[in-house]
Amino acid sequence: MVLKEIERKFLVKNTDFIAQAHRSTPIVQAFLNTDPSRTVRVRLKGEKGYLTVKGKSEEDGASRFEWEKEITPSDVHALLPLCEPSPIEKTRYEVWVGDSLYEVDIFHGENEGLIIAEIELTNVAQAFEKPDWLGAEVTSEPRYYNSALSQHPYKHWNK
């Protein structure tokens with residue numbers, strides 16, 4: 001599927017969102033390529049596998065090209081050894097806030113301690129409700145991209 005992804009990212013203040021979540025899914029993903037102009041990732045999300053190509057973010061950091069195709073879990077496992085070091089491990093919680101779906105990731109492993117919420121929008125100016133547990137916006141900060149976290153894990157940041 002080819003589309004333009006428009007999303008905003010926020011840090012999360014606490015885990016109050018967990019009580020509101022209607023689903024949680026374990027995710028393991030790794031990158032075949034982390035070049036900012038075209039990242040290529042493989043992901044195991046629950047029992048499903050995906051291959052995703054993302055283009056360079058636009059100036060606002062909120063929009064970029066995204067192409068994703070479902071692949072088998074065995075394909076994901078076959079590609080993982082070809083990936084760059086430091087796969088991302090996280091649990092994704094899906095939380096409805098009003099009419100908006102937030103995907104909130106609690107990171108594990110080398111990115112333990114980091115919690116990021118993302119919301120996909122239909123346009124950059126779309127209004128959306130911000131819950132109390134939502135923290136500072138980090139949409140335009142590349143260090144919070146999963147591809148960057150795989151290269152420079154959160155545990156090693158000077159916070």
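What you see is a predicted model; the values in this text were computed from it and never measured. Position 1 is the first residue of the sequence, and the numbers go up from there.
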Participant: For atom CG of Asn14, is the number of surrounding heavy atoms from other residues, nucleotides or ligands below 6.0 Å larger than 12?
Facilitator: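 It does: Asn14 CG has more than 12 such atoms within range.
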Participant: Do Leu82 and Ile71 land in one hydrophobic cluster if side-chain heavy atoms of ILVMFWY residues count as linked below 4.5 Å?
Facilitator: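 Hydrophobic grouping puts Leu82 with Ile71.
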Participant: Going by side chain to side chain contact (heavy atoms under 4.5 Å, CB included), Ile106 matches just one of Ile18, Val12, Leu114. Which one?
Facilitator: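 Result for side chain to side chain contact (heavy atoms under 4.5 Å, CB included) with Ile106: Ile18.
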Participant: Has the side chain of Trp67 got a donor or acceptor atom that lies under 3.5 Å from a matching backbone atom of Gly55?
Facilitator: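 Side chain of Trp67 to backbone of Gly55: no pair is present.
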Participant: Is there a side-chain contact between Gln29 and Asn146, using heavy atoms and a 4.5 Å cut-off?
Facilitator: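 Yes, close enough: below the 4.5 Å cut-off.
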Participant: So, for Gly109 and Lys155, which heavy atoms are closest and what is the spacing to 0.1 Å?
Facilitator: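 Looking at all heavy atoms of both residues, the closest pair is O-CE, 3.3 Å.
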Participant: For Glu94, does its backbone N or O pair with a side-chain atom of His22 as donor and acceptor, under 3.5 Å?
Facilitator: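 Checked: pair present.
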Participant: Could you see if Leu79 belongs to whatever hydrophobic cluster contains Val53? Use Ile, Leu, Val, Met, Phe, Trp, Tyr and a side-chain cutoff under 4.5 Å.
Facilitator: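 The answer is yes; both residues are in one hydrophobic cluster.
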Participant: Which value, rounded to the nearest 0.5 Å, describes the distance between Phe107 atom CZ and Ile27 atom CD1?
Facilitator: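 Going from the CZ atom of Phe107 to the CD1 atom of Ile27 covers 9.0 Å.
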Participant: Heavy-atom count check: over 12 atoms from other residues, nucleotides or ligands less than 6.0 Å from Asp99 CG?
Facilitator: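 Count not over threshold, so no.
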Participant: To check you understand the geometry: which heavy-atom pair defines the closest contact between Leu121 and Arg8, and what is its length?
Facilitator: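 Looking at all heavy atoms of both residues, the closest pair is CD1-CG, 3.7 Å.
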Participant: Mind checking the CD-CD spacing from Glu68 to Glu66? Nearest 0.5 Å is all I need.
Facilitator: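 Between atom CD of Glu68 and atom CD of Glu66 there are 5.5 Å.
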Participant: Tell me the closest heavy-atom pair linking Leu149 and Tyr144, and the distance in Å.
Facilitator: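 What the structure gives for the nearest pair is CD1-O, 3.8 Å.
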Participant: Check the pair Tyr102, Lys130 against side-chain contact (heavy atoms from CB on, under 4.5 Å), reporting the backbone distance first and the verdict last.
Facilitator: CA-CA 10 Å; Tyr102 281 87; Lys130 294 180 181 175; 4.3 Å; yes
Participant: So among Lys90, Lys45, Lys9, which one has a salt bridge (Lys or Arg N to Asp or Glu O under 4.0 Å) with Asp105?
Facilitator: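 That would be Lys90; it is the only one of Lys90, Lys45, Lys9 passing the salt bridge (Lys or Arg N to Asp or Glu O under 4.0 Å) with Asp105.
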Participant: What are the two closest non-hydrogen atoms of Leu80 and Ala30, and how far apart are they?
Facilitator: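 Minimum heavy-atom contact is CD2-CB, 3.7 Å.
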Participant: If you compare all heavy atoms of Leu44 against all heavy atoms of Pro73, which two are closest, and at what distance to 0.1 Å?
Facilitator: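 Residues Leu44 and Pro73, closest heavy atoms: CD1-CB, 3.8 Å.
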Participant: Minimum heavy-atom separation for Tyr50 to Glu70, with atom names?
Facilitator: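 Minimum heavy-atom contact is CD2-CA, 3.9 Å.
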Participant: Would you say the side-chain atoms of Asn111 pair up with the backbone N or O of Tyr154, donor to acceptor, closer than 3.5 Å?
Facilitator: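 Judged by distance alone, yes, a pair lies under 3.5 Å.
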Participant: How long is the gap from OG on Ser147 to CG on Leu32, to the nearest 0.5 Å?
Facilitator: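 Here the interatomic distance stands at 12.5 Å.
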Participant: Keeping Glu84 on the side-chain end and Thr34 on the backbone end, is there a donor-acceptor pair under 3.5 Å?
Facilitator: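 At least one qualifying donor-acceptor pair exists.
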Participant: Is the closest side-chain heavy-atom distance between Leu51 and Val40 below 4.5 Å?
Facilitator: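 Leu51 reaches Val40 side chain to side chain.
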Participant: Using the side chain to side chain contact (heavy atoms under 4.5 Å, CB included) definition, which of the options Val97, Ile119, Leu134 pairs with Glu129?
Facilitator: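 Passing option: Val97.
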Participant: State the NZ-OG distance between Lys54 and Ser37, to the nearest 0.5 angstrom.
Facilitator: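 Lys54 NZ to Ser37 OG: 14.5 Å, rounded to 0.5 Å.
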Participant: Find the distance between CZ (Phe10) and CD1 (Ile116) and round it off to the nearest 0.5 Å.
Facilitator: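 Going from CZ on Phe10 over to CD1 on Ile116, the span is 11.5 Å.
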Participant: What about Leu101 and Ile6, same hydrophobic cluster or not, with Ile/Leu/Val/Met/Phe/Trp/Tyr joined at side-chain heavy-atom distances under 4.5 Å?
Facilitator: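 They do not share one cluster, since no chain of ILVMFWY contacts under 4.5 Å joins Leu101 to Ile6.
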Participant: So how far is it from Asp132 CG to Lys13 NZ, rounded to the nearest 0.5 Å?
Facilitator: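 Answer rounded to 0.5 Å: 6.5 Å.
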Participant: For the residue pair Gln20 and Trp133, establish whether any side-chain heavy-atom pair is separated by less than 4.5 Å.
Facilitator: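 The answer is yes, as the side chains (C-beta and beyond) meet within the 4.5 Å cut-off.
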